Amino acid sequence: MEKLAILRMFAGFPLFGLLLPDISTFIVGRFQDISPFHIYIECFLFLFIIACTLGIGYIRKLGDRPGSQLQ
């Protein structure tokens, strides 16, 4: 679970690195000025972070059961 949390954290760095300039471009300019490639990467990273979060929740849920072998 620790590796999954670290993976989720490091997936957030490029997501924020792409979101900040895209948000400023959206505020100042138009939505068409944002690269579609950026949007695809941001969506993928966002879904990846959600998948990691769900995985962590599932592992914790398994660990809370009595008689569980997960530590």
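Keep in mind it's a predicted model, so treat the numbers as computed, not measured. When reading the values below, keep in mind they use all heavy atoms of this one structure, side chains included, and skip hydrogens, waters and symmetry mates.
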Verify same cluster id: [X], [Y] (apolar side-chain graph, 4.5 Å):
| X | Y | answer |
| --- | --- | --- |
| Phe44 | Leu47 | no |
| Phe46 | Leu54 | yes |
| Ile49 | Ile41 | yes |

N/O donor to acceptor pairs below 3.5 angstrom from side-chain atoms of residues 9-19, sequence neighbours left out:
none

Query raised in the report: If you round to the nearest 0.5 Å, how far is CD of Glu42 from CD1 of Ile34?
Result: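 Taking CD1 in Ile34 and CD in Glu42, the distance rounds to 7.5 Å.
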Query raised in the report: If you round to the nearest 0.5 Å, how far is CG of Leu45 from OH of Tyr40?
Result: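 It comes to 15.0 Å.
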Query raised in the report: Which heavy atom of Leu4 sits nearest a heavy atom of Cys52, and at what distance?
Result: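 Nearest heavy atoms, Leu4 then Cys52: CD2-O, 3.7 Å.
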Requested in this report: Kindly determine whether Asp33 and Phe26 satisfy side-chain contact (heavy atoms from CB on, under 4.5 Å), including the steps that lead there.
Outcome: CA-CA 8 Å; Asp33 295 337; Phe26 181 69; over 6 Å; no
